[in-house]
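Please read the structure below before turning to the comments.
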Amino acid sequence: MTLPAHPGLDAIVADPAGAVIGLDYDGTLSPIVPDPAAARVHPAVPGVLAALAPLVRAVVVVTGRPPLTAIGLGEVPGGPSLGDVPGLVILGHYGLERWEDGRLTAPPPPPGLDLVRTRLPVLVAGLAGAWIEDKGHAVAVHTRRCADPAAALEELRGPVTALAAEAGLAVEPGRMVLELRPGGMDKGRALSAFLAERGARSVMFAGDDLGDLAAFAAVEEAGLPGVRVCSGSAEVTALAERADLVVDGPDGVVALLGDLVESLGKRSASGQV
């Protein structure tokens, strides 16, 4: 396989020591499943990231999940796990938490979450199949198990938004999910800060959901050669409309990363610097 033709990918291959590879987790490194607690990483992801990480400046996962949850779901039986990828950084809760070199740094949870934990169960009580996920620094309500997930999500949108405002929190919409979380941080801000921290000279970001639009904007605004990759699905089209490349879900992301590893390996073998 060969990499698609794109100036951002060309820049990464020409100068891998300056490249930052950013990746969403759910829907990008793992398939979307009815139970998010079962959204285990694509089995080929840890291996391809372990091969990629030493070849570029940095690999960073930017996710709404707590980093330790992503680490737990990133275990592959009989193989490397996400936690084994050399130098991997995980920016969880949209950048509020950071996992690096086995260490987790995180601020205290916002006090408004106590109100959400009390009131949100009342809002979803009448919706069969809706359920609540407590992420520690955020709380999400999922409708994927409802008889009509999209209608249930719309029914909850107004009350959840009002509750978030009362609690001093932001609402992050996603694929059959509404998440109440602290404001002031999103994937775009997290990615921009990381690019500056690492002195990036090029960037790729792959995502699948509405929360990844901010990261796409960060790629656009970075003033660097960049490439926006959509892990495509039938549920979300807004990302595909903004993407430079659209691939077929996590399988396509793995294939693209594998092609990148192959291209960088050939460059290294040829003695290019």
Side-chain angles (χ1 to χ4, degrees), residues 1-25 27-29 41-42 44-63 80 82 84-91 95 100 187-208 212-232 239-273:
M1 297 292 290
T2 57
L3 284 174
H6 188 274
L9 289 173
D10 293 343
I12 291 170
V13 173
D15 178 25
V20 167
I21 309 301
L23 303 156
D24 169 48
Y25 182 80
T28 303
L29 299 183
V41 73
H42 186 293
V45 161
V48 75
L49 292 187
L52 177 62
L55 302 175
V56 297
R57 173 145 300 193
V59 176
V60 58
V61 174
V62 189
T63 175
L82 279 184
D84 298 323
V85 175
L88 178 69
V89 177
I90 300 179
L91 303 179
E100 185 174 8
K187 291 184 180 183
R189 295 181 185 184
L191 181 60
S192 293
F194 189 79
L195 294 176
E197 171 194 315
R198 294 300 172 100
R201 297 189 290 272
S202 63
V203 55
M204 180 177 88
F205 186 84
D208 79 306
D212 298 310
L213 286 171
F216 273 20
V219 173
E220 296 162 3
E221 297 163 6
L224 306 170
V227 56
R228 301 157 300 174
V229 180
C230 174
S231 176
L239 239 68
E241 294 166 357
R242 290 272 296 278
D244 300 301
L245 301 173
V246 179
V247 299
D248 186 15
D251 285 338
V253 172
V254 166
L256 177 64
L257 294 174
D259 291 346
L260 181 57
V261 168
E262 183 178 348
S263 294
L264 293 176
K266 288 179 180 178
R267 179 185 182 279
S268 177
S270 71
Q272 292 178 274
V273 295

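When reading the values below, keep in mind they use all heavy atoms of this one structure, side chains included, and skip hydrogens, waters and symmetry mates.
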Can you give me the closest heavy-atom contact between Val85 and Pro46, atom names plus distance? CG2-O, 3.8 Å
Enter the distance from Thr63:OG1 to Leu23:CG here, rounded to the nearest 0.5 Å. 11.0 Å
Rounded to the nearest 0.5 Å, the CZ atom of Arg242 sits from the SG atom of Cys230 at a distance of 11.5 Å
Measure the CG-CG distance between Asp259 and Leu3 for me, rounded to the nearest 0.5 Å. 5.5 Å
Atom CG of Leu257 and atom CD of Glu262: how far apart are they, to the nearest 0.5 Å? 13.0 Å
Flag the pair Pro4 / Leu9 as yes when at least one side-chain heavy-atom distance between them is below 4.5 Å, and no otherwise. yes
Can you name the residues that form a salt bridge (charged side-chain N to carboxylate O under 4.0 Å, His left out) with Arg189, not counting sequence neighbours? none
Could you tell me the separation between the CD1 atom of Ile21 and the CG atom of Leu52, rounded to the nearest 0.5 Å? 5.5 Å
What pairs with Glu197 under salt bridge (charged side-chain N to carboxylate O under 4.0 Å, His left out), at least two apart in sequence or on another chain? Arg98
What are the two closest non-hydrogen atoms of Gly232 and Val246, and how far apart are they? CA-CG1, 4.2 Å
Can you list the steps and then say if Val89 with Val61 is a side chain to side chain contact (heavy atoms under 4.5 Å, CB included)? CA-CA 6 Å; Val89 177; Val61 174; over 6 Å; no
What is the minimum heavy-atom distance between Val219 and Gly226, and which atoms define it? CG1-CA, 3.9 Å
Are the side chain of Tyr25 and the backbone N or O of Ile90 linked by a donor-acceptor pair below 3.5 Å? no
Restricting to non-hydrogen atoms, name the atom on Pro86 and the atom on Ala53 that form the minimum distance, rounded to 0.1 Å. O-CB, 3.3 Å
Under the side-chain contact (heavy atoms from CB on, under 4.5 Å) test, residues paired with Pro7 that sit two or more places apart: none
Could you walk me through whether Phe205 and Val62 satisfy the side chain to side chain contact (heavy atoms under 4.5 Å, CB included) test, starting with their C-alpha distance in whole Å, then the side-chain angles of each, then the deciding distance to 0.1 Å, before giving a yes or no? CA-CA 9 Å; Phe205 186 84; Val62 189; 4.1 Å; yes
Sequence-distant partners of Arg57, salt bridge (charged side-chain N to carboxylate O under 4.0 Å, His left out), two or more places apart: none
Report yes if the side chains of Lys187 and Asp24 come closer than 4.5 Å at any heavy-atom pair, otherwise no. yes
The reported gap from CG in Leu213 to CD in Glu220 (rounded to nearest 0.5 angstrom) is 9.0 Å
Give the minimum heavy-atom separation between Ala218 and Gly188, together with the two atoms involved. CB-O, 3.5 Å
Listing request: all salt bridge (charged side-chain N to carboxylate O under 4.0 Å, His left out) pairs with a residue in residues 3-15, at least two apart in sequence or in separate chains. Asp15-Arg201
Could you go through the side chain to side chain contact (heavy atoms under 4.5 Å, CB included) check for Asp208 and Val253 one step at a time? CA-CA 10 Å; Asp208 79 306; Val253 172; over 6 Å; no
Can you pull out every salt bridge (charged side-chain N to carboxylate O under 4.0 Å, His left out) where at least one residue sits in residues 243-252? Sequence neighbours excluded, please. Arg228-Asp244
Look at the side chain of Thr28 and the backbone N and O of Ser231, then say whether any donor-acceptor pair between them is shorter than 3.5 Å. no
Does the side chain to side chain contact (heavy atoms under 4.5 Å, CB included) test come out yes or no for Ile12 and Val203, once each step is laid out? CA-CA 7 Å; Ile12 291 170; Val203 55; over 6 Å; no
Tested for side-chain contact (heavy atoms from CB on, under 4.5 Å) against Met204, the lone hit among Val56, Leu256, Leu245 is Leu256
Using every non-hydrogen atom in the two residues, find where Pro225 and Ala11 come nearest and quote the distance to one decimal. CB-CB, 3.4 Å
